[in-house]
Amino acid sequence: MDDRSRVLSATVLGAVAGGVWGWLYLTPAGRRFRSQIEPKLDDFLRELHAMRGTVEKARTAADEGWRSLSEMAGTGAPGRWSA
């Protein structure tokens, strides 16, 4: 992609984002839409946070299991799932 295409793409993307922002914040229909979608976004973010906690617990459990297997095998290697 050459520089001209990048500039054109960035300009179009900026214009679309500005138009959406303007509609959401400057029109009555946009305000209604925001008031309808904000609780749903809050619920989604809450679920995402809960899922993140669940994944972390599963990762910890997998790490403990791997560590136990390694100890039984006598390798003493660190957990497979640890970061």
Side-chain angles (χ1 to χ4, degrees):
M1 184 181 278
D2 63 345
D3 288 341
R4 183 186 272 178
S5 297
R6 288 182 187 182
V7 169
L8 181 61
S9 297
T11 302
V12 170
L13 185 61
V16 169
V20 169
W21 181 88
W23 180 76
L24 283 172
Y25 285 91
L26 300 176
T27 65
R31 288 186 198 107
R32 277 194 308 274
F33 181 74
R34 267 193 5 250
S35 70
Q36 292 172 352
I37 199 157
E38 282 177 353
K40 294 175 185 173
L41 285 174
D42 289 339
D43 291 342
F44 174 73
L45 291 175
R46 195 174 310 113
E47 287 295 321
L48 192 60
H49 184 69
M51 184 177 72
R52 185 175 177 193
T54 302
V55 167
E56 188 60 36
K57 288 178 186 176
R59 183 179 190 182
T60 301
D63 189 38
E64 288 296 321
W66 189 257
R67 190 172 303 139
S68 295
L69 284 173
S70 296
E71 287 174 5
M72 283 192 272
T75 60
R80 179 180 185 142
W81 307 109
S82 55

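For clarity, every value in this text was computed on a predicted model and none was experimentally measured. Residue numbers count from 1 along this sequence.
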Student: Measuring from atom CZ of R52 to atom CG of L45, what distance do you get when rounded to the nearest 0.5 angstrom?
Tutor: 12.0 Å
Student: Please evaluate residues D63 and R67 with respect to the criterion salt bridge (Lys or Arg N to Asp or Glu O under 4.0 Å), reporting the C-alpha separation (whole Å), side-chain torsions for both, the decisive distance (0.1 Å), and the verdict.
Tutor: CA-CA 6 Å; D63 189 38; R67 190 172 303 139; 2.7 Å; yes
Student: Is there a path from L41 to L48 through hydrophobic residues (I, L, V, M, F, W, Y) whose side chains come within less than 4.5 Å of each other?
Tutor: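 Result: no, two separate clusters.
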Student: Provide the full list of side chain to side chain donor-acceptor pair (under 3.5 Å) pairs with a residue in residues 31-44, sequence neighbours left out, each pair given once.
Tutor: D43-R46
Student: Working to the nearest 0.5 angstrom, can you tell me the gap between D2 CG and L8 CG?
Tutor: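 It is 10.0 Å, given to the nearest 0.5 Å.
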Student: Scan the side chains in residues 10-30 for donor-acceptor partners under 3.5 Å anywhere in the protein, sequence neighbours excluded, and list what turns up.
Tutor:
| residue | atom | partner | partner atom | Å |
| --- | --- | --- | --- | --- |
| T11 | OG1 | V7 | O | 2.7 |
| T27 | OG1 | W23 | O | 2.5 |
| T27 | OG1 | G30 | N | 3.0 |

